[in-house]
Amino acid sequence: MADFDYDLFVIGGGSGGVRCARIAAGHGARVGIAEEARWGGTCVNVGCVPKKIMVQASEYGRLAEDSRGFGWDASPGVHDWASLIAHKDREILRLNGIYTRMLDGSGVTRHEARAVFTGPHALEVGGRTVTAERIVIATGGLPAIQPPIEGMHLGIMSDDAFELPALPRRVVMVGGGYIGMEFAGIFHGLGAEVDVVYRQPLPLRGFDHDLREALAQGVAEQGIRLHPSQTVHRVEAAGDARRVTLSNGHVIEADLVFFAVGRVPKTAGLGLEEAGVATDSRGAVVVDARNVTSQPHIFALGDVSNKLNLTPVAIAEGHHLADRLFGPGQPRTWALDPVATAVFSNPPLATVGLTEEQAVQHGAMDIYIAQFTPMRHVMSGRARKTMMKMIVDQASQRVMGVHMLGDDVAEMMQGIGVALVAGATKQDFDRTIGIHPTSAEEFVTMRTVTRVAPAAQASRAAE
Ligand code: NDP
């Protein structure tokens with residue numbers, strides 16, 4: 001048997017790679033890991049964590065305004081951007097330290113360097129050759145603009161958004177996906193004027209249609225200007241400002257143009273061809289359901305394999321893989337379908353399971369929808385409705401999808417996710433006693449079918 005330096009080498013110190021390395025080392029494997037930038041990867045450094053901090057920062061002005069409806073004499077005051085960034089940086093540094101301590105504590109050898117394949121079992125890591133019996137690719141992704149847009153160098157992408165020297169006064173957000181809708185809410189909440197340009201009639205393609213409509217309405221009510229069915233034709237400099245011309249000829253002047261038009265897998269320059277690892281047309285590492293690449297001893301997990309690009313999914317994949325390769329018993333299993341997810345827009349939304357459009361492919365659905373002004377906003381006077389939607393399979397009464405827009409929705413949807421993973425039926429929701437007074441209780445008190453969604457033609461034909 002060949003003598004390798006490591007039993008397992010992980011490329012990429014983000015959420016998925018670190019979890020895989022730690023768990024494998026805990027099972028007794030000799031594990032090395034390489035990270036060329038900061039420990040914790042996208043989520044910790046330029047993703048979920050700093051984004052959530054900024055979302056929370058953006059809420060206080062609104063809360064101060066809303067408090068007047070409850071008798072407080074409060075006003076938002078002046079926001080100090082530099083102070084927010086300094087506090088955020090301190091927290092990220094703390095988390096970087098936790099990641100390195102967790103790795104060191106579990107006996108993983110850390111390499112603070114870029115790793116590049118030089119053969120199926122060999123890598124060049126910081127100028128020296130390292131060999132491993134098994135290798136995990138967990139390099140994540142990075143923001144990209146494809147195809148190029150004229151003047152795009154005058155804008156920023158999400159990696160830059162966490163280090164801006166000052167809060168821009170006017171922002172043009174390009175893209176109506178997760179990042180576009182989240183940062184639109186952040187900048188607007190902190191006091192900027194925000195225009196969002198997206199090429200679909202509604203933001204968040206792939207989400208439930210009613211939820212997308214409710215989001216567009218809710219976001220517009222908060223004062224964000226929406227430009228649906230538009231792309232950016234060109235960006236030009238006008239002194240320190242930017243002139244953004246849309247496909248319909250409309251021109252918007254802004255201080256910051258933010259491109260949030262998707263991310264690509266980070267595989268360029270990794271030497272994958274030296275290792276015989278196949279990629280698809282988008283550069284993603286091709287894997288099977290068990291994260292195995294075209295080489296049986298090389299694995300890929302998280303965003304680099306471009307499946308469901310969410311941090312908890314990468315963590316689950318990394319943990320499961322380490323258990324499977326090195327663990328003594330059955331690996332812990334995860335339900336990767338359905339996966340609950342939230343968009344921390346303003347207002348936020350969350351979802352688990354199928355959209356109505358997907359569900360009707362399986363048969364006729366009972367659709368329950370509740371739309372109301374929550375108690376807080378009856379008092380605050382803010383135009384901010386909550387929307388809740390449940391999709392129930394008519395034949396089996398199984399709950400196929402739950403979608404919600406409104407305050408606290410991300411916290412709420414995690415529990416609903418457990419119910420759907422457990423296969424809950426509408427009757428299970430009905431016999432659950434509500435918590436009063438909450439918005440969440442609406443999910444267990446929905447009695448009347450709002451409408452019936454007939455099965456889609458294709459599935460009828462197949463019956
Ligand atoms: P998304 O894929 O979510 O959205 C990209 C947006 O850009 C879409 O509106 C897309 O339009 C648009 N777009 C793409 N290319 C162009 C183009 N050439 N011109 C104009 N518009 C374009 O990507 P994000 O960058 O927002 O986020 C990447 C991923 O990161 C997410 O999908 C998600 O998996 C993850 N993420 C998760 C978060 C969370 O869990 N809260 C937060 C942030 C990111 P169209 O729909 O027409 O393709």
Side-chain angles (χ1 to χ4, degrees), residues 14-16 41-56 140-152 155-162 172-186 195-207 209 211-212 215-216 219 226-235 244-248 257-266 282 284 302-317 336 339-352 355 405 409-411 413-414 417:
S15 305
T42 299
C43 180
V44 167
N45 296 290
V46 284
C48 339
V49 174
K51 179 273 306 287
K52 184 79 184 277
I53 290 172
M54 292 169 90
V55 167
Q56 289 172 337
L142 72 173
I145 305 173
Q146 289 173 338
I149 295 171
E150 187 182 334
M152 65 187 193
I156 67 157
M157 293 194 281
S158 60
D159 283 3
D160 314 308
F162 302 100
V172 172
M173 179 63 65
V174 190
Y178 275 84
I179 297 177
M181 298 318 291
E182 291 183 341
F183 271 95
I186 289 170
D195 290 85
V196 187
V197 181
Y198 49 92
R199 62 186 180 182
Q200 305 294 331
L202 290 169
L204 290 184
R205 181 166 60 87
F207 284 65
H209 190 268
L211 192 72
R212 296 170 70 195
L215 174 70
V219 163
L226 299 179
H227 303 268
S229 307
Q230 296 301 317
T231 52
V232 167
H233 181 56
R234 102 166 67 84
V235 181
V244 182
T245 306
L246 307 190
S247 42
N248 62 359
V257 183
F258 187 142
F259 290 100
V261 289
R263 296 175 59 85
V264 294
K266 207 169 166 185
R282 289 180 54 85
D303 290 8
V304 76
S305 58
N306 195 27
K307 288 182 295 180
L308 193 51
N309 297 337
L310 300 170
T311 296
V313 170
I315 290 173
E317 288 178 338
L336 290 177
V339 171
T341 178
V343 182
F344 296 94
S345 44
N346 177 22
L349 64 84
T351 174
V352 60
T355 65
L405 175 99
V409 60
E411 299 294 343
M413 201 54 72
Q414 188 67 80

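Counting starts at 1 for both ligands and their atoms, in listed order. Every value quoted in this text rests on a predicted model; they were computed, and no experiment measured them.
Near L310, meaning under 4.0 Å from any of its heavy atoms, are these atoms of ligand 1: 37 (C), 40 (O). The contact set between ligand 1 and R205, taken as ligand atoms under 4.0 Å from a residue heavy atom, comprises 45 (P), 46 (O), 47 (O), 48 (O).
Contacts between P143 and ligand 1, counted as non-hydrogen atom pairs separated by less than 4.0 Å, are absent for every part of the residue. Of all the heavy atoms of Q146, the ones lying under 4.0 Å from any atom of ligand 1 belong exclusively to the backbone. Contact annotation for L308 and ligand 1: no heavy atom of the residue comes within less than 4.0 Å of the ligand.
Shortest contact from atom 15 (N) of ligand 1 to any protein heavy atom: V261 O, 3.4 Å.
With sequence neighbours left out, I315 forms a side-chain contact (heavy atoms from CB on, under 4.5 Å) with S15, R19, T311. A search for side chain to side chain donor-acceptor pair (under 3.5 Å) contacts involving S158 returns nothing, not counting sequence neighbours.
Checking only distances, Y198 never comes within under 3.5 Å of ligand 1, N or O to N or O. Every N/O-N/O distance between T231 and ligand 1 stays at or above 3.5 Å. Backbone and side-chain nitrogen or oxygen atoms of G262 are examined, and one is located within less than 3.5 angstrom of a nitrogen or oxygen of ligand 1. The shortest N/O to N/O separation between I149 and ligand 1 does not fall below 3.5 Å. Between V343 and ligand 1, no pair of N/O atoms sits closer than 3.5 Å. Not one N or O of F344 is nearer than 3.5 Å to an N or O of ligand 1, by distance alone.
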